[in-house]
2 protein chains.
Amino acid sequence: MFNDFKVLDEGPVYVQLKKYVQDMIVKGHLLEHQKLPSTRELSKLLTVSRNTVLNAYAELEQDGIIYAVKGKGHFVGKVTTLKTSSIIEMDWKKRLNDTTLLADEIDLIRQDIHWQKGMISFISIAPEEKLFDVENFKRAFLTRMSIEGDIVLNYGYAKGYKPLIDYLLGYMEMKGVDISNKDIMITNGFTEGLDILLSSFAKKSGRVLCENPTHHAALKLFRMHGLDIHGIDMSDDGVDIGQVEQDLAEKQFDFAYFIPSYHNPTGIVTSSEKRNAIFQLFSKYQIPIVEDGFNEELRYTGSHLAPLIAFSGSGNNIVYIGSFSKILFPGLRVGWILADKELISYLESMKRARTIHTSTLDQAVLYQYLQDGYFEKYLKKARSVYKKKYELARQACMQYIPFSRITGDGGLHLFIELEEGVDARILLEKCYNKGVVFYPGDVFFTNGRGNNTFRLGFSRLSDEDIIRGIQIIGDTLKNDMRG
Amino acid sequence: MFNDFKVLDEGPVYVQLKKYVQDMIVKGHLLEHQKLPSTRELSKLLTVSRNTVLNAYAELEQDGIIYAVKGKGHFVGKVTTLKTSSIIEMDWKKRLNDTTLLADEIDLIRQDIHWQKGMISFISIAPEEKLFDVENFKRAFLTRMSIEGDIVLNYGYAKGYKPLIDYLLGYMEMKGVDISNKDIMITNGFTEGLDILLSSFAKKSGRVLCENPTHHAALKLFRMHGLDIHGIDMSDDGVDIGQVEQDLAEKQFDFAYFIPSYHNPTGIVTSSEKRNAIFQLFSKYQIPIVEDGFNEELRYTGSHLAPLIAFSGSGNNIVYIGSFSKILFPGLRVGWILADKELISYLESMKRARTIHTSTLDQAVLYQYLQDGYFEKYLKKARSVYKKKYELARQACMQYIPFSRITGDGGLHLFIELEEGVDARILLEKCYNKGVVFYPGDVFFTNGRGNNTFRLGFSRLSDEDIIRGIQIIGDTLKNDMRG
């Protein structure tokens, strides 16, 4: 007894001892009312200081796990005996609803090819960790904590952390948005923003219009919310406006979802003319648009393009969801919804009911980081690194891959369309055997198409791996995909 | 032009200048292709360094907002003119579903009495900010960031941050839980945990059984999920077992929700015997229990009580939701669901679809804080402070308030039941006029009762205010509530 206690490097010794004793009691090795060794004995036995034992016993006593009898020492307290007779095995799957089973079924992570270490993976479009500006992030944290550490650590508001909201309102105003009748609610990233919207919108036609292909996380949520998804083909400057026009004339839609700024997965930037056309059309039909501001900060060339919500002026028909996740720190779950004031007020009630509020710590540190100008500096650095990788990847694709179309006007990935009939999943299988993996494009399509497409994320790869990987994909296409 | 530019204390000057110029362009004060002042001119005009102007222009150029012509200077780029003709005013309320309108309607924050500064408020049960262990929290942050800052800031896993999950599994094992067939998923606090469960459970009877009164955030979610809520009255050691027995025999339930450890709002701790009885009954009827581990760390007296999930042994019929929010840092939104492994795997897909994952920063810093033993130390301090306040508040209630029942075995609040017919909302109105507010109890009841009850949160009040406030409530009850 007690002789298997070992002092570890982590955490105070008295806490370790406390846990050790508690564990023995809970597991039944020490019995109710059994006398414990005196503090003197135990300190000698374990070669720890007597104070350590005193502290451990004091806490165990406070927790009601042991009790002291004056002049007699410490004893094991009343422990609920948990030798229960009923071991219940429920079949949980049968107790879950269809949405949950669907979420599981269409969960891409579970279907992912399990790539191994040493492989060249074009799967991720997460930012490169080595670029992270950890030092300035620490600085921002310490600054904010010294200003109002107690507020950062206590409850906040469902709508979000006020300084961050104000900063982002200013940020969006800089993009040409009339914020006079609008407000911002902070969410746990883009994904929660979209989910809250989908959970709040009334289902009338039950139909959503979006680009085809589109962001798979959005597709997943549309499916989970039981929406009928209506995809519009894309040309190189955005959706096919003629098709949109025709569909709006023929069908009812509850809302549209667009990623005009840097489209996922195609990387297409919707032109200013098309933005205007989209805005006019949906205004005419009084159908709201949910605009996904994805990665608009990561364009490397071209003139400034106003987001769709800027076109609405003092109107309220566009709901914008923003996030810095793909550029800054995805580990911080912070996104925002910019929309009509009244709408935000309703969404706020939903947010409060569902998660109370987004981490104040995340919001406060992000605010300080932005406010101190670190974001601009970081963006500059990140842009120059990613731009080089982008150009390299694009050039390699031109050189090695026999594509029928390549898109991607910036950002952290390219999208490749192969000849009709070439199956990207078979290509993936063959490349996998050669140590290269990428994202099959079919998962982004609304209608089961896209078998001949794939996405290449290059943000986390070295220059050498980008070239070598693309070369391998190209060679495989040329040599192993016939017959 | 340019003469209203003012250098502020916050952030680099070149960023401020960049924003200023961008703002003028976006607002149309500078026109397309208009020449900008040379960097030399502008630096002189604004009395900022030339480098500042150079940096600002360089960034504006990179953003595509201005362009440079060699030997000629900088010019305003192509700006989308946003003088849109369609200003759309949608009636958003009509486009929202009933759940959202209900969430708004039952949002307590909106109904709250708007207390003013200087008032004595017994409304909050959030922890006292002055107690926060900000220094050790900073330490934990810096430690974790130096170990793996880049990982903390990048994407994590839907299930949560592995070191934290492992820590919490050990923590729950210490409470007597058999974790062999169980797993933990980290959530954005208790609330998201419950919401994900409610969103995942299949609706069969559509009926939930719970204590009456119970946690209002849970009640709100039950209502939003369209559940039929069946409340069981409470005696001083937990629910009325006879009533539970009868109800289970007569009706179908999808699941039960219990707060055995420190019940909100009554503060009742369910006895070991009742825990066992509850477990046996629900096992017999094969109805799962969702156990809310609310504040079990904040009991000041009594022996260790095993949570309900410990009774299930290697069975899987109890789902436990935990959180340190009320004790540690509510601003960090971290809670956890401990349950059957297979169930956790399904919940993980839901979590991934809805919020991707909980802030890695929050999880990682919390982990380090726990791991370094700061939690135990803090808990010790917090317990001793809150215990004093608790005893003071309880004593003051005994002395001044003519209650018919008072409950609360620890924690941060007491629950008062007045004589039948005494309306706590009228009492609140009268106390409000004297500068004292508290939480009316009716909001916690499943069936519209509880008009004669209220909750007193004392965690954030000084000793003097606790006594004075309770005295005022007592006096008001004795003097102003007749006739």
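Naming convention: chains lettered A, B, ... in sequence-line order (proteins, then strands); numbering from 1 in each chain.
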Original post:
So what's closer than 4.5 Å to chain A heavy atoms on B/V319: side chain, backbone, both or neither?
Top reply: side chain
**OP:** Nearest 0.5 Å please: distance from the CG atom of A/D107 over to the OH atom of B/Y346.
**Re:** 11.5 Å
Subject >> Under 4.5 Å from any heavy atom of chain A - which part of B/Q16 >> reply: neither
Original post:
How long is the span from the CD1 atom in A/I106 to the CZ atom in B/R352, to the nearest 0.5 Å?
Top reply: 12.0 Å
Subject >> Choice from B/P330, B/G64, B/P288 maximising heavy atom contacts with chain A below 4.5 Å >> reply: B/P330
Original post:
Between the side chain of A/N316 and the main-chain N/O of B/M90, is any donor-acceptor distance below 3.5 Å?
Top reply: yes
**OP:** Show your reasoning for whether side chain to side chain contact (heavy atoms under 4.5 Å, CB included) applies to A/E376 and B/D63.
**Re:** CA-CA 11 Å; A/E376 311 261 343; B/D63 289 354; 5.5 Å; no
Original post:
When only pairs under 4.5 Å are counted, which of B/A364, B/S146, B/A353, B/G170 shares the most heavy-atom pairs with chain A?
Top reply: B/A353
**OP:** Scan side-chain atoms only and decide if B/T355 and A/N188 contain a donor-acceptor pair under the 3.5 Å cut-off.
**Re:** no
**OP:** Select one option (side chain, backbone, both, neither) describing which atoms of A/I287 are under 4.5 Å from chain B's heavy atoms.
**Re:** backbone
**OP:** Using a cut-off of 6.0 Å, state whether more than 12 heavy atoms not belonging to B/Y157 lie near its atom OH.
**Re:** no
Subject >> Nearest non-hydrogen partners of A/P12 and B/D372, listed with the distance >> reply: CD-O, 3.1 Å
Subject >> Contact origin within B/D340 toward chain A - heavy atom pairs under 4.5 Å >> reply: side chain
Original post:
How many angstroms lie between CE in B/M224 and CE in A/M350, if you round to the nearest 0.5 Å?
Top reply: 4.5 Å
**OP:** Drop me the distance from B/I88's CD1 to A/S314's OG, to the nearest 0.5 angstrom.
**Re:** 10.5 Å
Subject >> Main-chain N/O of A/S199 paired to B/N97 side chain as donor or acceptor, under 3.5 Å >> reply: yes
Original post:
Checking B/L96 against chain A: side chain, backbone, both or neither under 4.5 Å from a heavy atom?
Top reply: both
**OP:** Check whether B/R460 gets within reach of chain A through its side chain, its backbone, both or neither, counting any heavy atom under 4.5 Å.
**Re:** side chain
Subject >> Reported CG-to-CZ distance for the pair B/L361 and A/F141, which is rounded to 0.5 angstrom >> reply: 7.5 Å
Original post:
Is the shortest heavy-atom distance from the side chain of A/K284 to the side chain of B/S86 under 4.5 Å?
Top reply: no
Original post:
Between B/L102, B/I318, B/L343, which residue shows the highest count of heavy-atom pairs closer than 4.5 Å to chain A?
Top reply: B/L343
Subject >> Portion of B/T358 that has a non-hydrogen atom of chain A nearer than 4.5 angstrom >> reply: backbone
Original post:
Does B/K380 NZ have over 12 foreign heavy atoms under 6.0 Å away?
Top reply: yes
Original post:
Hey, are the side chains of B/L142 and A/K138 touching, using non-hydrogen atoms and a 4.5 Å cut-off?
Top reply: yes
Original post:
Using a cut-off of under 4.5 Å for heavy-atom pairs, which of A/E192, A/E173, A/K94 has the most such pairs with chain B?
Top reply: A/E192
**OP:** Would you mind checking if A/K93 and B/E342 are paired as a salt bridge, meaning a charged N to carboxylate O distance below 4.0 Å?
**Re:** no
Original post:
Taking A/N154 for the side chain and B/P127 for the main chain, is one N or O donor matched with an acceptor at less than 3.5 Å?
Top reply: yes
Original post:
Of the backbone (N, CA, C, O) and the side chain (C-beta and beyond), which part of B/V152 lies under 4.5 Å from a heavy atom of chain A, both, or neither?
Top reply: backbone
Original post:
Which one, A/V365, A/N55, A/T360, A/L370, leads in non-hydrogen pairs under 4.5 Å with chain B?
Top reply: A/T360
Subject >> Per-residue contact mode, A/E273 against chain B (heavy atom under 4.5 angstrom) >> reply: side chain
Original post:
Does some side-chain heavy atom of B/R95 sit less than 4.5 Å from a side-chain heavy atom of A/Q286?
Top reply: yes
Subject >> Region of B/D178 that comes under 4.5 Å of a non-hydrogen atom in chain A >> reply: neither
Subject >> Considering all heavy atoms, the nearest B/D104-A/S345 contact >> reply: OD1-O, 4.0 Å
**OP:** Give the intermediate values and the outcome of side chain to side chain contact (heavy atoms under 4.5 Å, CB included) for residues A/K18 and B/M174.
**Re:** CA-CA 10 Å; A/K18 178 193 165 187; B/M174 281 297 159; over 6 Å; no
Original post:
Given the options A/S200, A/S124, A/A58, which has more heavy-atom pairs under 4.5 Å with chain B than any of the others?
Top reply: A/S200
Original post:
chain A: which of B/Y161, B/Y171, B/F329 shares the most heavy-atom pairs with it under 4.5 Å?
Top reply: B/F329
Subject >> Contact class of B/Y155 relative to chain A, heavy atoms under 4.5 angstrom >> reply: both
Subject >> Heavy-atom pair count under 4.5 Å with chain B, highest-scoring of A/D362, A/L101, A/I151 >> reply: A/D362
Subject >> Proximity breakdown for B/R383 and chain A, heavy-atom pairs closer than 4.5 Å >> reply: side chain
Subject >> Gap separating the NZ atom of A/K220 from the CZ atom of B/R354, nearest 0.5 angstrom >> reply: 12.0 Å
Subject >> Top contributor to chain B contacts, counting heavy-atom pairs under 4.5 Å, from A/G156, A/G315, A/G11, A/S359 >> reply: A/S359
Original post:
Is it the backbone or the side chain of B/Y14 that comes under 4.5 Å from a heavy atom of chain A, or both, or neither?
Top reply: side chain
Original post:
If you count heavy-atom pairs under 4.5 Å between each of A/Q363, A/E59, A/K130, A/M145 and chain B, which one has the most?
Top reply: A/E59
